[in-house]
Every structure is written in C-alpha cells, then in structure tokens.
Amino acid sequence: WGVGLSFYGSPDVLMHGLAFGAGCEFVNLMSQTTVLYDPDTLLRTEQETSQDFFRIYLGLEIGPHGHGFFRPFAGANIAVHFYRIGTLLTIPDDIDPSRSIVQDLGNETNTTFGYDFTVGADLQVKRYFIESGVRFIKSFNLPQQFGDAAAVTIHPGYFQIFIGLGGTVW
C-alpha cells in the first residue's frame with residue numbers, strides 16, 4: 001500500500017500546457033509479523049518487520065492543465081529516495097500487554113538519487129478530478145539488500161500503477 005501528495009502549477013504564459021511540480025510518496029513494501037515458539041519452553045516471541053520506501057520529487061508535466069474533461073499528461077521528475085527496514089522482537093505478556101518485553105533489533109535507512117517518467121490521464125468534473133497512470137521509477141546507487149531473507153528485494157527500476165483524487169485551484 002502507499003500514499004502520495006503532489007502539487008502542479010502551470011503559469012498562464014505557458015497556456016497551461018507545461019506544469020512544474022513537486023511531490024512526495026510513501027510506500028510500505030512489507031509489514032509482517034512472524035510468531036516463533038521455543039520447542040523446549042514453548043515461549044512465544046513475535047518478530048515484527050516493516051520495510052518502507054519514501055521519495056521526494058521535483059519535475060515537469062506536459063499536457064492540458066486548464067479546463068476540460070479528459071486531460072492526458074506525460075512527465076519526468078528527479079527524486080531523492082529513502083529505503084528503511086526495521087525489526088522489533090516482542091515477548092508478549094497475554095495477561096498484561098503493557099508488561100510485554102520489546103527489543104529493537106535495528107533500523108537501517110539508506111538514501112539514493114533517482115528519477116521517474118510518468119504517463120497518465122485525468123477526468124475532470126468542475127474542480128475535481130480522478131487521475132490514473134503508470135510511472136517508471138529508477139534508483140541509482142541502490143543500497144544492497146538489507147534485513148533477513150524474508151525482506152522484500154529492492155529492484156533498481158520498476159513500474160508503478162497509480163490512481164488518485166485531486167482538486168483544481170485557480
């Protein structure tokens with residue numbers, strides 16, 4: 001799952017055909033809890049792993065940004081990408097959960113540079129629109145795979161399909 005926020009502005013002098021934009025997005029690559037039992041004592045432990053991707057981007061978008069129902073667009077952005085993985089180990093207390101023992105097994109964050117190319121369209125009714133498209137995201141100097149074998153493999157380039165809701169302010 002993921003969530004993003006972007007802003008695009010198109011000066012009148014460009015006749016709403018070219019827009020400058022900025023945005024950010026957060027994607028949870030993995031959120032998993034694994035329950036482990038000690039075979040001798042039957043002690044239960046829970047390992048919680050979360051792997052996330054966050055990026056901040058700036059770029060340009062070509063396409064109609066004024067009034068109209070169907071507005072196709074294409075864009076390109078440069079970005080800073082952040083990859084994070086964190087693992088907690090918990091020995092739960094079923095009688096009093098506030099007495100559970102929690103150990104942080106570590107957090108690791110890596111930063112890299114990247115870019116993307118986007119194509120899509122939106123359908124605008126009055127000041128609101130529904131937007132969808134596909135984005136190719138590429139990362140440079142990608143961090144080596146971190147975490148254990150259960151971690152999601154991070155690929156240097158991938159396609160992202162998106163859908164969103166928006167509003168026009170002018």
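Heavy atoms only: backbone and side chains are in, while hydrogens, waters and symmetry mates are out. The structure presented is a predicted model; accordingly, all values stated were derived computationally and were not measured.
A side-chain donor from one of D116 and T118 sits under 3.5 Å from a side-chain acceptor of the other.
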So E131 and F162, side-chain contact (heavy atoms from CB on, under 4.5 Å) or not? Walk me through it.
CA-CA 8 Å; E131 168 181 84; F162 64 91; 3.9 Å; yes

Kindly indicate, with the supporting measurements, whether the criterion side-chain hydrogen bond (donor to acceptor under 3.5 Å, both in side chains) is fulfilled by Y83 and T111.
CA-CA 6 Å; Y83 295 93; T111 305; over 6 Å; no

Checking salt bridge (charged side-chain N to carboxylate O under 4.0 Å, His left out) for the pair R44/D94: CA distance, chi angles, key distance, verdict?
CA-CA 10 Å; R44 184 178 90 228; D94 294 328; 2.9 Å; yes

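The minimum heavy-atom distance between A79 and Y57, with the atom names listed, is CB-CB, 3.7 Å. Minimum interatomic distance between Q124 and F129 (heavy atoms only, all atoms of both residues): CA-CB, 3.8 Å. The two residues F73 and S132 have their closest heavy-atom pair at CZ-O, 4.4 Å. The shortest non-hydrogen separation linking L18 to S10 is O-OG, 2.9 Å. Between L42 and P39, the shortest heavy-atom distance links the atoms CD2-O, 4.2 Å. Closest heavy-atom contact between A74 and V119: CB-CG1, 4.1 Å.
Cluster membership for I130 and Y128, using ILVMFWY side-chain heavy atoms within less than 4.5 angstrom, is not shared. A continuous path of hydrophobic side-chain contacts links L123 to V125 [ILVMFWY only; heavy atoms under 4.5 Å]. Taken together through direct or relayed side-chain contacts under 4.5 Å among Ile, Leu, Val, Met, Phe, Trp and Tyr, L60 and L58 form parts of separate hydrophobic clusters. Both I101 and L43 sit in one connected hydrophobic cluster of ILVMFWY residues. Membership requires side-chain heavy atoms under 4.5 Å apart, directly or through other members.
We find the CD1-CG distance between I91 and L36 to be 11.0 Å, quoted to the nearest 0.5 Å. Rounding to the nearest 0.5 Å gives a distance of 8.0 Å between CG of D122 and NE2 of H65. One distance of note links CD1 of I85 with CD of E108; it measures 8.0 Å at 0.5 Å rounding. The line from OG1 of T49 to CD of Q32 is 6.5 Å long, rounded to the nearest 0.5 Å.
Looking at heavy atoms from C-beta onward, N77 lies out of side-chain contact with E61 at the 4.5 angstrom threshold. Put simply, the side chain of Y37 does not reach to within 4.5 Å of the side chain of T45, judged on heavy atoms. A 4.5 Å side-chain heavy-atom check between S6 and C24 finds every atom pair outside the cut-off.
Cluster note: F54 groups with W1, V3, F26, I56, V80, F82 through ILVMFWY side-chain heavy atoms spaced under 4.5 Å, whether in direct contact or through intervening members. Here L89 is tied into one hydrophobic group with L105, each link being a pair of ILVMFWY side chains closer than 4.5 Å.
A 6.0 Å sphere centred on OH of Y158 holds more than 12 heavy atoms belonging to other residues, nucleotides or ligands. Heavy-atom contacts from other residues, nucleotides or ligands closer than 6.0 Å to CD1 of I161 number 12 or fewer.
Every salt bridge (Lys or Arg N to Asp or Glu O under 4.0 Å) that E25 has, sequence neighbours left out, goes to R55, R135.
Distance alone, capped at 3.5 Å, places no donor-acceptor pair between the D93 side chain and the S100 backbone.
Test T87, T33, T90, L88 against Q47 for side chain to side chain contact (heavy atoms under 4.5 Å, CB included) and you get one pass: T87.
In this structure, the ring of F136 has its center less than 6.0 angstrom from the ring center of F159.
Aromatic ring pairs are classed by plane angle as parallel below 30°, tilted from 30° to 60° and perpendicular above 60°; the pair F53 and H81 is perpendicular.
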